[in-house]
Amino acid sequence: MDYQFKDIEKKWQQFWADHQTFKAEDKTTKPKYYVLDMFPYPSGAGLHVGHPLGYIASDIFSRYKRLKGFNVLHPMGYDSFGLPAEQYAIQTGQHPAITTEANINTYRRQLDQIGFSFDWSREVRTSSPDYYKWTQWIFMQLFNSWYNKDADKAESITTLVQHFENSGSKGINAVCDDDVLTFTADEWKAMSNHDQQEELLKYRLTYLRESTVNWCPALGTVLANDEVKDGFSERGGYPVEQKKMMQWSMRITAYADRLLKGLDTIDWPEPLKEMQRNWIGKSVGASVRFKLEDTSINANKALPSDFIEVFTTRVDTIFGVSFLVLAPEHELVASLTAPEQKADIDNYITQTKKKSELERMADAKTVSGAFTGSYAVNPLNGEKIPVWIADYVLAGYGTGAVMAVPSGDQRDYLFAKHFDLPIIQIIDIQKIDTEADPTKEGRYINSDFINGLTYKDAVAATVAKLEEIGAGKAKVNFRMRDAIFGRQRYWGEPVPVYFKDDLPHLISESDLPLVLPEVDKYLPTETGEPPLARATGWNYNGSEYELSTMPGWAGSSWYWYRYMDAHNNKAFASKEAIEYWKDVDLYIGGSEHATGHLLYSRFWNKFLKDMGEVVEEEPFKKLINQGMIQGRSNFVYRIIDDEGRGTNTFVSSGLRKDYKTSALHVDVNIVKNDILDLDKFKSWRPEFADAEFILDQGKYICGTEVEKMSKRYYNVVNPDDIATQYGADTLRMYEMFLGPLEQSKPWNTNGIEGVFKFLRKFWRLFHNDAWEFKVSEKEPSKAELKSLHKIIRKVEEDIERFSFNTSVSSFMIAVNELTDLKCNNKAILQDMVIILSPYAPHICEELWEILGNESGTLSYAPYPKFNPDFLIEDEFAYPISVNGKTKLNLSIPLSLEGKEVEDMVLASADVQKYLDGKTPKKVIVVKGRIVNIVI
RNA sequence: GCCUGGGUGGUGGACCUGGUAGACACGCAGGACUUAAAAUCCUGUUCGCCUUAAAGCGAGUGCGGGUUCGAUUCCCGCCCCAGGUACCA
């Protein structure tokens, strides 16, 4: 029978499910191997062709590892809390749990039809109470912990309380808020419980802090950055402003150094590690205090402090400071503003409020700022320095204030030029006529006691002086900020906290999970409280619960542990399971998670390690990024008549310059290889029923563009259609054939026929012309063995370096070779089936059975061993160039070696033709082979 | 703006560690088989020039430079595209 992929795929998917073929064992002598995919958010649009890309790669690797004798854990689940389900709920009133469930069912159906070897018995869903019980439990552990810098790990808050009781705050080296108190043991004991708890909150790893959010007054909601476009809400187009709000935060900065160091121990793509390093942004510098000048402006105001603290990485340039810049949100701004400057400053602050942080950073071209009217004093030379505000200084980074050195920093330079502020040269070789020069070479000038010093000495001398006069100290600063952990949303994990006397308290562990309550609407209340405020009777013994929920990343920051022991109701996973599976050996997912999920997960993992809950410091040993699959939109060109109205005539892409046209997105499903199916187009929409076409060589060629895959561009390609038309095996191989796994690329199905043909050819190898099964048991020929062993080596190399696309090409070559050889040898074909099976498992299972093997044993069959003896050739083509250009092809017997080869090459008529009797100037030999002769 | 990645024929891509650029596949063109279609097979296919043909010549991996006997690969500068930029997941 011809290759009937539909029957074959259905049969084997059923078989795998019935026999639980891919269930990972918890006790076995086999070595363990944990292959993890980033679990999907189940969106309403269904699985698109981009999702399976990484899943197919990880599935190939999982199947390959099983063949190599590993006990493979390859699970799948759903990151099922998220904003889109909530937005849909707001619009339709439908409970997010219901739509989420429906979406999951669609995803499962789509995943099943691709033939993945997932162990579905371990499925997790982050929105299920059985699961988020443990997300809440981890939150509680974080709340109950503080970071001891001396031990360099998190510890239970009880050790901190004991220390306070014994010795007060003295000797505590913790990561904590800036405003912690200093007290003795007696003073601590004398504090009220309320005050003690308030103090402890400054040390806890989850804590409350004021942070900025996108606030939309018209909608009465906090908006995600994604929902804000150019200062207006995407939904409704209402203005959005920046607003401060008390929020739960996570002290991820406590782990900044360990997150940096850990990167050196894991096998991740170097660019991704670089992104994390840059995100953490460790910078070594100094903090410097500029005392405020005591003027009439602020003399009679109660100042929060009498100095401005700045952080700088170039403390050596302090004599070049010609002004200070505060972030417009800086706490000192109000009190520093002189009456005559108030209008300017207020106006500027209002402008700033409209911009998001991203817009502020992106807009480096326009120089803007306002003078407060106040001055500060340079601690090292007593110079009077004007204090400005500008939106290029961000409140969240460093101290929210910078010392501006126009000669060394380009932004400061532009600012100084624009507002006519002094630019002071401080290094002898500095060139500052047209732009700032941040050089560290040369010797200092105009710089008092560091004049004549080098960079290194100047830094040391400046810091020493600042410390001596108490105006500054060496400091390490991180760009990374503590992670905001609260969302004013419904569809997320409730925070297991209630409030009493304005202080947060954890609920009892035995009351977990704190289940999300029902609400009448998924919108905030009229007073602007989060949706959970709508829940009736939702309180903890009469005390109000926290009303915000956890962010999307909470549930995904530990899920790989749940797969190890998915149904445990005593712990997030048993000690034995964690002890056995330890960590993820291979993690596949997109690099868009570099500074989100992948950082938060490492953070939580380190915390859990500190608590003794898990055994590894890093959760993901090896990581591979898969590229994003973009949509490829097709366009038709409608001719516009003289009155500017669209006609019903469409012109082929190549001919459209002769007409006035407008481009229309056309459904990519009625276009094949950019050629429009005219009949399908006519029936696509009623208005096109009598469309007319101006064809190019008998065809209508569509225009194309690469865009994000989206419903509204009619360019979403669903794997279902491909699976139905060509089968799962073709889909799997085609997605791999599309290009390197790591590379982003637009989806196109141009080459899918080739992959399908390959599988049919492979099928044909086992059958005669009448589609009857035929294999022979005779000895394989040398040529057959050569083809086989070439592909064994190639595929093994390719899989180990995740180059699946080149494997597929090699398979095509091998099958072409075997077809040419009319190979029907059982031993050869059996090995071919095994090595192809990770890529195209269904067809291989069927052929495995046809070859007389026990059904279903293919998944754990022994992988063929490569034998180099079969690759021996008699001679090889010998390409050399003359003068790096001219190319010659010589055939050299393999029996010759080294000098013999060289002599033979030089004596050959081809080379002699160029040499013309002379000796060559230079002969370049690489790995014992002449590659170039210079004459 | 900043961080990270990418740019090779008509198309997807190959060239892994500096050594024959364009493997493999699609598409296209021509041919075989067939009443026909499907399927299958064969030949050609980077561009330009030259040639009856065989062959030959020149250019060529985003653009401009550099290092090297030799650069798609390494270095410097630029352009364009994609991802991230802290509440999309």
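Since the model is a prediction, treat every value here as computed from it, not as a measurement. Within every chain, numbering begins at 1; the chains are lettered A, B, ... in the order of the sequence lines, protein sequences first and strands thereafter.
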Euclidean distance for [atom1], [N] against [M] (whole angstrom):
N     : M     : atom1 : value
B/G62 : B/G58 : P     : 23 Å
B/C76 : B/G19 : C1'   : 24 Å
B/U17 : B/G70 : C1'   : 16 Å
B/U43 : B/A38 : C1'   : 22 Å
B/G7  : B/C78 : C1'   : 14 Å
B/A71 : B/U20 : C1'   : 14 Å
B/G84 : B/A89 : C1'   : 13 Å
B/C15 : B/U72 : P     : 15 Å

Proximity to the side chain of [X] - top-ranked nucleotide from [options]:
X      : options             : value
A/Q630 : B/C15, B/C87, B/A82 : B/A82
A/M480 : B/C69, B/A86, B/C87 : B/A86
A/R764 : B/A39, B/A25, B/C16 : B/A39

Counting any heavy atom closer than 4.0 Å, what does [X] reach on the DNA or RNA strands: base, sugar-phosphate only, or nothing?
X      : answer
A/E592 : base
A/E227 : nothing
A/N932 : base
A/V213 : base
A/R360 : nothing
A/N805 : sugar-phosphate
A/L83  : sugar-phosphate

Scan side-chain atoms only and decide if A/R602 and A/Q276 contain a donor-acceptor pair under the 3.5 Å cut-off.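 A donor-acceptor contact under 3.5 Å links the two side chains.
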Hey, are A/Q488 and A/Q247 close enough side-chain-wise for a donor-acceptor pair under 3.5 Å?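 The criterion, which ignores hydrogens and geometry beyond distance, is satisfied for A/Q488 and A/Q247.
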Looking at the rings of A/Y78 and A/Y41, which for Trp means the six-membered one, are their centres under 6.0 Å apart?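 Ring-ring flag for A/Y78/A/Y41: false, centres at least 6.0 Å apart.
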Ring centers of A/F603, A/Y255 separated by less than 6.0 Å: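 Yes.
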If pairing requires Watson-Crick or G-U wobble contacts with both distances under 3.5 Å, which nucleotide is the partner of [N]?
N     : answer
B/G58 : B/C47
B/C26 : B/G10
B/A53 : none

Can you name the closest pair of heavy atoms from A/F737 and A/S809 and give their distance?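 Looking at all heavy atoms of both residues, the shortest contact is CE1-OG, 3.6 Å.
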For residues A/L731 and A/I56, report the shortest heavy-atom separation together with the two atoms involved.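 Smallest heavy-atom distance, with atoms named: O-CD1, 4.3 Å.
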Value in whole Å for how far the P atom of B/A86 lies from CG of A/N225: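 Rounded to whole Å, this separation is 5 Å.
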Just the rounded figure in Å: distance from P of B/C87 to OH of A/Y600.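 Spelled out: OH on A/Y600 to P on B/C87 is 6 Å.
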For B/C26 and A/K757 - does any side-chain N or O of the residue sit under 4.0 Å from the phosphate oxygens OP1/OP2?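 Yes, A/K757 has a side-chain N/O under 4.0 Å of OP1/OP2 on B/C26.
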Quiz item: A/Q488 side-chain donor-acceptor pair to B/C87 base, under 3.5 Å: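 Side chain to base: pair found, below 3.5 Å.
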Anti versus syn assignment for B/G7, with syn defined as within 90° of 0: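 Classified anti.
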On RNA chain B, compare the nucleotides closest to A/L738 and A/D798; which residue's is nearer the 5' end?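 Looking at RNA chain B, the more 5' nearest nucleotide goes with A/L738.
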For A/S744 and for A/V931, find the nucleotide of RNA chain B with the closest heavy atom, then tell me which residue's nucleotide is more 5'.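 With A/S744 and A/V931 compared, the 5'-side residue is A/V931.
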